[in-house]
Amino acid sequence: MNFGATILDAEGTRLSPEEKAFFRDVNPFGFILFARNIETPDQIRALCDDFRETVGREAPITIDQEGGRVQRLRAPIWREWMPPLTHVEQAGDHAERAMYLRYRLIADELRALGIDSNCAPMVDVAVSETHDFLKNRCYGYDPETVSQLGRAVAQGMLDGGVLPVLKHIPGHGRATLDSHYDLPHVSADPALLDITDFTPFRALNDLPMGMTAHLVYDEIDSLPATVSPKMMGVIREQMGFEGLIMTDDISMKALKGDLGELSKAAIEAGCDVILHCNGTLDERKQVAEAAGVMGDVAQRRAEAALAARHEPDSIDIEALEAELDRLMGGKVYG
């Protein structure tokens, strides 16, 4: 049986009986965790077990653990990471290795909790106008550097048994509005976008999963990328990305309209999976019904993504921490 075309969340630190019955019925491809789902290591492991028990398989469980403002696991239990751009600037010439080590250590933290995916690398190319909600989450200002560091981030997680999610495809760096609240428009010429914003996604088009950007590229289509067949064509054909594509959170305020209609539009545009976060159980039911079950092409992409998940390689965590400390001049954590 094909997976449900959704990635869904939970309201609290354990699943309610109603949530368990719902997940059992709709069989979502995977799940995502937020700060409200996190208390202690034992509690997180139990919640991950709950998720997987409802669907009867080792469903992927993802999280946003970038560092800086966007990290769900925080001190004092877990490492507190500085923003990615600050980390890159602090590491200087050692940035590639330092980013690899950072995300290999993050992968170790995640796997210890039962989490086997992370919504990173974020390879949006920063510009001077990039909105503050995004800028210090970026890795740099030129596509070649961002591509190189994005690869290091992805490899650190893959080596740690964690599936990376490439975001925000096809590029969010020129956005001057926060898509959590507003719909950004980008007016740049497509030829310029192709050699700048699109470059890191093309360079990392072999990664198993990607996440869309909720913004409009005015010179390509009037629809937001997440619900735009034209932009999905750019992602698949121009960028050559063959992995599973999930939406960014379908309930973000950048997208206007009924959640069910938006979910259908995203699937029809070419997204494989609808990511829905921070809603009520009724809203999750609405999204799951609209998204339906994966088609055969999406299912093959989902299975290929899961096949990229493997047991972590054997490492000496203390040695990696010591190496990162040296590379960063003793200024590792936020």
Side-chain angles (χ1 to χ4, degrees), residues 1-34 36-37 47-64 114-117 119 163 165 167 180 208-212 214 224-229 232 243-306:
M1 180 183 296
N2 288 5
F3 305 135
T6 49
I7 295 174
L8 301 172
D9 62 347
E11 290 185 9
T13 55
R14 294 297 297 269
L15 296 185
S16 68
E18 293 79 12
E19 286 176 316
K20 289 181 178 181
F22 166 59
F23 292 145
R24 194 172 296 117
D25 182 50
V26 301
N27 187 30
F29 168 66
F31 302 94
I32 186 167
L33 297 174
F34 289 90
R36 66 178 180 276
N37 307 125
L47 178 57
C48 289
D49 289 344
D50 282 351
F51 280 135
R52 291 179 171 124
E53 184 179 350
T54 65
V55 294
R57 56 185 166 83
E58 287 297 303
I61 298 174
T62 196
I63 195 168
D64 289 292
I115 303 167
D116 57 7
S117 174
C119 295
L163 290 174
V165 178
K167 65 185 187 185
H180 291 89
M209 296 191 289
M211 176 189 290
T212 65
H214 296 331
T226 299
V227 294
S228 167
M232 288 301 117
L244 185 81
I245 293 180
M246 68 180 73
T247 69
D248 204 344
D249 178 10
I250 203 70
S251 67
M252 288 167 63
K253 303 305 181 185
L255 302 180
K256 306 298 183 184
D258 176 82
L259 287 174
E261 292 176 0
L262 289 170
S263 298
K264 287 181 180 178
I267 295 291
E268 290 172 358
C271 294
D272 300 305
V273 180
I274 306 299
L275 174 65
H276 179 256
C277 316
N278 306 309
T280 65
L281 182 57
D282 284 344
E283 287 172 332
R284 282 177 278 169
K285 289 179 178 179
Q286 182 184 2
V287 168
E289 180 178 0
V293 175
M294 284 185 179
D296 289 342
V297 173
Q299 180 72 19
R300 286 196 293 273
R301 291 176 181 142
E303 292 174 355
L306 295 179

Distance col, row L262:CG vs L255:CG, nearest 0.5 angstrom, shows 5.5 Å

Do S228 side-chain atoms and P224 backbone N/O form a donor-acceptor pair below 3.5 Å?
no

Can you tell me how far apart NE2 (H180) and CE (M252) are? Round to the nearest 0.5 Å.
4.0 Å

For residues L163 and S117, report the shortest heavy-atom separation together with the two atoms involved.
O-OG, 3.0 Å

Any chance you could measure E303, atom CD, to D296, atom CG, to the nearest 0.5 Å?
9.5 Å

Run the numbers on N278 and R36 for side chain to side chain contact (heavy atoms under 4.5 Å, CB included), then give the verdict.
CA-CA 10 Å; N278 306 309; R36 66 178 180 276; 2.6 Å; yes

With a cut-off of 6.0 Å (strictly less than), are more than 12 heavy atoms of other residues, nucleotides or ligands near CD of E289?
no

Apply side chain to side chain contact (heavy atoms under 4.5 Å, CB included) to residues F31 and L47 and explain how you reach the verdict.
CA-CA 11 Å; F31 302 94; L47 178 57; over 6 Å; no

Provide the closest heavy-atom pair for I250 versus T226 in the form atom of the first, atom of the second, distance.
CD1-CG2, 4.4 Å

Salt-bridge test for K167 and D248: reply yes if a basic N is under 4.0 Å from a carboxylate O, no otherwise.
no

Under a 3.5 Å distance rule, please check whether S251 uses its side chain to pair with a backbone N or O of C277 as donor and acceptor.
yes

I need the minimum non-hydrogen distance between A298 and D272, along with the two atoms involved.
CB-OD1, 3.4 Å

Is R284 paired with E18 through a side-chain N to carboxylate O contact shorter than 4.0 Å?
no

Spatial distance of atom CG (D249) from atom CD1 (I32) [nearest 0.5 Å]
8.0 Å

Would you compute the distance between atom CZ of R14 and atom CG of D50 and round it to the nearest 0.5 angstrom?
4.0 Å

Would you say P229 and E268 make side-chain contact, with heavy atoms under 4.5 Å?
no

Return the minimal non-hydrogen interatomic distance between G260 and A290, and the atom names on each side.
O-CB, 3.3 Å

Scan D116, I61, N37 and name whichever one has a side chain to side chain contact (heavy atoms under 4.5 Å, CB included) with C48.
I61

Test your reading of the model: is there a side-chain donor-acceptor pair from Q299 to the backbone of F3, 3.5 Å cut-off?
yes

Would you say the side chain of M1 lies within less than 4.5 Å of the side chain of V293, judging by non-hydrogen atoms?
no

Go through the steps to decide whether F29 and L306 satisfy the test side chain to side chain contact (heavy atoms under 4.5 Å, CB included), and finish with yes or no.
CA-CA 10 Å; F29 168 66; L306 295 179; 4.1 Å; yes

From M294 atom CE to N2 atom CG, the distance as rounded to the nearest 0.5 Å:
8.0 Å

Could you please spell out the steps behind the side chain to side chain contact (heavy atoms under 4.5 Å, CB included) verdict for R301 and I245?
CA-CA 9 Å; R301 291 176 181 142; I245 293 180; over 6 Å; no

Heavy-atom closest contact (V165 atom, G210 atom, distance)
CG1-C, 4.0 Å

For a quick test of reading the model, state the closest non-hydrogen atom pair linking A305 to M209 and the distance between them.
CB-CG, 3.8 Å

Would you find a donor on one side and an acceptor on the other, under 3.5 Å apart, between the side chain of T247 and the backbone of I274?
no

